[in-house]
4 protein chains.
Amino acid sequence: MSSNSTTTDKKQAILDAALQLFVNKGFNATSTASIAKAAGVATGTLFHHFPTKNDIMNQVFLAIKQEFADNMVTSTQFSGDIEQDAYTLWQKAIDWAIAQPLKQLFFLQYSMSADIDVMIRKQAMTSILSFVVELIEQGKQQGIIANFPSELLLENCHGQYLAAIRFFTDNPHLGGDKIHRDASFTLFWHAMKAQ
Amino acid sequence: MSSNSTTTDKKQAILDAALQLFVNKGFNATSTASIAKAAGVATGTLFHHFPTKNDIMNQVFLAIKQEFADNMVTSTQFSGDIEQDAYTLWQKAIDWAIAQPLKQLFFLQYSMSADIDVMIRKQAMTSILSFVVELIEQGKQQGIIANFPSELLLENCHGQYLAAIRFFTDNPHLGGDKIHRDASFTLFWHAMKAQ
Amino acid sequence: MSSNSTTTDKKQAILDAALQLFVNKGFNATSTASIAKAAGVATGTLFHHFPTKNDIMNQVFLAIKQEFADNMVTSTQFSGDIEQDAYTLWQKAIDWAIAQPLKQLFFLQYSMSADIDVMIRKQAMTSILSFVVELIEQGKQQGIIANFPSELLLENCHGQYLAAIRFFTDNPHLGGDKIHRDASFTLFWHAMKAQ
Amino acid sequence: MSSNSTTTDKKQAILDAALQLFVNKGFNATSTASIAKAAGVATGTLFHHFPTKNDIMNQVFLAIKQEFADNMVTSTQFSGDIEQDAYTLWQKAIDWAIAQPLKQLFFLQYSMSADIDVMIRKQAMTSILSFVVELIEQGKQQGIIANFPSELLLENCHGQYLAAIRFFTDNPHLGGDKIHRDASFTLFWHAMKAQ
DNA sequence: CATGAATGAGTATTCATTCAT
DNA sequence: TATGAATGAATACTCATTCAT
């Protein structure tokens with residue numbers, strides 16, 4: 001157990017160090033040696049846990065997307081009112097981004113980067129963010145969300161969310177301001193809702 | 001004149017080759033040698049025109065942003081009806097992206113990449129895309145566009161545009177389909193307009 | 001122990017190879033790749049032990065100066081008679097140069113070269129060759145060595161020694177000839193002694 | 001004539017610029033482009049006057065040695081008293097070095113550097129510095145200079161001179177001090193004179 | 001599992017030199 | 001002669017990855 005937790009610790013330390021370096025220096029300017037050093041392990045150890053540097057990036061990406069999805073779904077009370085639920089989720093999403101600045105910056109930089117394998121990105125979109133897809137489908141069936149292709153709606157969701165957190169990143173003092181947060185939701189919701 | 005056009009040709013050939021390679025292989029997987037070879041010049045020539053590889057990236061970025069802005073503003077008949085004008089510009093923007101798949105893909109990959117200097121990106125947003133800012137201001141004054149912070153509206157614009165062209169990139173057969181194109185505009189406009 | 005000696009071996013092999021190449025080809029005509037090849041290691045190994053090519057040069061320089069100083073001081077019987085001791089040391093110094101032609105040539109080429117960091121050269125002069133300084137001070141106090149500034153005497157020592165070994169380098173057959181060796185000492189000593 | 005003097009001017013400008021850069025940056029850290037720029041000419045012009053970069057170095061070396069020799073011989077009143085003449089020449093040599101700090105530093109750095117062709121260096125030693133050789137021969141014949149091999153005496157001369165100017169380089173405030181200048185001559189002369 | 005010395009392919013950049021104008 | 005854009009060979013240094021301990 002102790003050895004097991006040590007292993008977990010080192011693996012997690014590597015992922016944490018990689019996240020920080022990828023965000024602050026960029027993927028290519030970050031050497032595996034610097035990740036190992038920042039994680040407090042030897043370079044060889046790094047390659048015991050991850051076959052390649054690209055794999056580290058993929059794992060960081062998946063872990064963050066998963067953490068984001070878990071945060072959204074877990075302990076959320078769904079009212080059944082789609083707009084109400086969308087509002088709740090949007091606030092949660094913004095909260096999460098503001099609470100996790102490193103992960104939020106990672107989102108902004110790498111959401112569409114070529115440094116992450118295409119398959120991994122697709123996997124994240126379809127399986128991890130499936131709760132968004134389901135919500136959109138429900139909303140369309142209830143005539144509350146506009147009857148546009150779901151894929152277009154999903155991309156639009158994603159695009160508006162990135163735009164919102166970029167705004168709050170550039171204006172950190174507005175992160176707690178209800179008016180601006182509600183404005184960002186209103187923009188989003190007006191786009192999505194059926195009229 | 002001949003010598004001048006030769007110089008221009010080589011510099012332009014380097015930028016063209018770089019654009020194609022950056023999109024297809026990624027910035028880091030593209031060696032300066034391969035850019036020079038694709039451009040039909042010697043490696044030394046490349047560094048005669050651009051001090052560093054990063055500078056090439058910056059110049060490619062600025063050139064495309066500028067070309068996009070020129071395309072949007074030039075020969076556009078502004079009706080004075082903000083919604084009408086927004087529709088015209090949105091269609092033009094989608095047309096441009098579909099007509100220039102390489103440049104569109106460059107947008108998607110590098111709009112937020114760390115491979116472009118922060119200052120260069122800011123310059124592009126503020127000076128080159130200033131026509132969008134102006135339109136938003138007018139729309140707000142006329143009570144047609146929602147009264148939200150302009151910076152938030154600008155980011156939202158950008159985010160929805162990227163989402164739209166990502167959708168049409170993934171579904172090329174829908175690029176000419178009026179229903180989907182209008183759907184993408186409707187999403188965008190419903191977000192922006194005052195209600 | 002075995003791993004330790006392997007490490008030492010590789011580092012030493014690099015220094016040995018560098019010495020030979022620097023002397024025979026010059027610092028700039030010697031590529032790091034050629035040093036590595038001559039040392040029987042990979043290019044990466046070279047940079048694992050020395051941060052830069054210049055650092056290799058500095059280490060070669062310091063190692064030779066130290067070896068020279070060790071050779072001069074170790075197992076030398078000091079009689080207390082300054083002239084006698086000076087004679088013994090001068091012969092030892094010439095012997096060393098003749099026995100180590102590569103290191104002697106290195107002395108001649110690089111003693112004043114800009115390829116060695118100024119700080120490194122100063123360090124060698126002051127700390128490593130301190131035994132010469134002490135001898136000069138003693139001789140002056142005893143009224144045996146001329147009462148000139150010690151720094152001038154030290155430079156003169158150094159200059160005459162380089163001149164002597166250049167002479168024996170150009171005339172190798174005279175290296176064992178007592179008359180010429182004594183002549184070189186006499187020149188030196190007549191300069192130094194009080195009259 | 002005007003074109004001729006222009007040519008001379010440019011050639012001289014190149015040599016002047018090269019001297020300054022070689023001394024301050026080192027031979028290899030000095031690019032031909034930087035020499036051309038400092039000389040105020042185009043890179044191509046440089047190669048009209050000198051076939052290679054090494055040739056520039058050789059010409060700088062020869063020009064300085066020649067200028068030094070001319071300065072020593074021209075307008076020197078030889079008294080016939082060898083010691084008196086040696087004293088006069090030594091003072092002149094030190095004067096020249098102090099008056100021409102750039103050329104003096106060039107001496108110190110490149111007198112034995114591998115950056116100058118062997119043949120060129122030999123030529124300088126034998127033909128240009130022939131007046132020193134002649135003086136030594138005369139002194140030996142008159143029994144005033146020690147009866148050691150002339151080549152050894154010549155090297156010793158050279159070595160002591162370099163040592164002296166290195167001392168005055170490191171202690172510029174002593175350059176005009178008669179005591180130290182006389183000390184440097186005394187060291188030199190005691191070595192050379194017959195006893 | 002952990003280590004870190006060793007590897008060698010890969011790359012941005014430099015620079016002496018050429019040559020068409 | 002003078003120019004400076006163009007050349008492409010040369011090189012110091014990096015870095016993902018391996019493996020013996």
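We use all heavy atoms of the structure for the numbers below, so side chains are in, but hydrogens, waters and symmetry mates are not. Numbers restart at 1 for each chain; the letters A, B, ... are given by sequence-line order, proteins then strands.
At a cut-off of 3.5 Å, with distance as the only test, no side-chain donor of B:N54 or B:T52 sits close to an acceptor on the other residue. In this model, no donor atom of one side chain and acceptor atom of the other lie less than 3.5 Å apart for A:D16 and A:Q20. With hydrogens and angles left out, the side-chain atoms of D:S113 and C:Q109 include no donor and acceptor closer than 3.5 Å.
Taking atom CD1 of B:I35 as the reference point, atom C1' of E:dT13 lies 13 Å away to the nearest angstrom. When rounded to the nearest whole Å, the span between CG of C:L46 and P of E:dG8 equals 14 Å. Distance CZ (D:F50) to C1' (E:dA16): 15 Å, rounded to an integer number of Å. Between D:D9 atom CG and F:dT1 atom P there is a gap of 13 Å when expressed in whole angstrom units. A straight line from CG of A:N28 to C1' of F:dA16 spans 12 Å, rounded to a whole angstrom. For the pair B:K10 NZ and F:dA5 P, the computed distance is 12 Å after rounding to whole Å. For the pair D:F47 CZ and E:dA16 P, the computed distance is 7 Å after rounding to whole Å. In this structure, the NE2 atom of C:H48 is 15 Å from the P atom of E:dT3, given to the nearest Å.
Note on A:S34: nothing from the nucleic acid sits closer than 4.0 angstrom, heavy atoms only. Contacts of A:S31 with the nucleic acid, taken as non-hydrogen atoms under 4.0 Å apart, involve only primed sugar atoms and P, OP1 or OP2.
In terms of position on DNA chain E, the residue among B:N54 and D:N54 whose nearest nucleotide sits closer to the 5' end is B:N54. Across the interface with DNA chain E, nearest-nucleotide mapping of C:V41 and B:T32 shows C:V41 to be the residue nearer the 5′ end. Remark on DNA chain F: of its neighbouring residues D:G40 and B:G44, the 5'-side contact belongs to D:G40, judged by nearest-heavy-atom nucleotide.
Close to E:dT7, at under 4.0 Å from its OP1 or OP2, lies a side-chain N or O of C:T45.
Of the candidates F:dC13, F:dG8, E:dA16, F:dC13 carries the atom nearest the C:K53 side chain, counting heavy atoms from C-beta on. Residue A:T43 has its side chain nearest to E:dA5 when only E:dA5, E:dT17, E:dA6 are considered. Of all nucleotides listed (E:dG4, E:dT13, F:dG8), F:dG8 comes nearest to the side chain of B:A42.
Remark: F:dT17 base-pairs with E:dA6. Criterion, Watson-Crick or G-U wobble with two distances under 3.5 Å.
Of the possible donor and acceptor atoms, one in the side chain of A:S34 sits under 3.5 Å from a partner among the backbone N and O of A:S31.
Across all non-hydrogen atoms, the minimal contact from B:K25 to B:T30 is CB-OG1, 3.7 Å.
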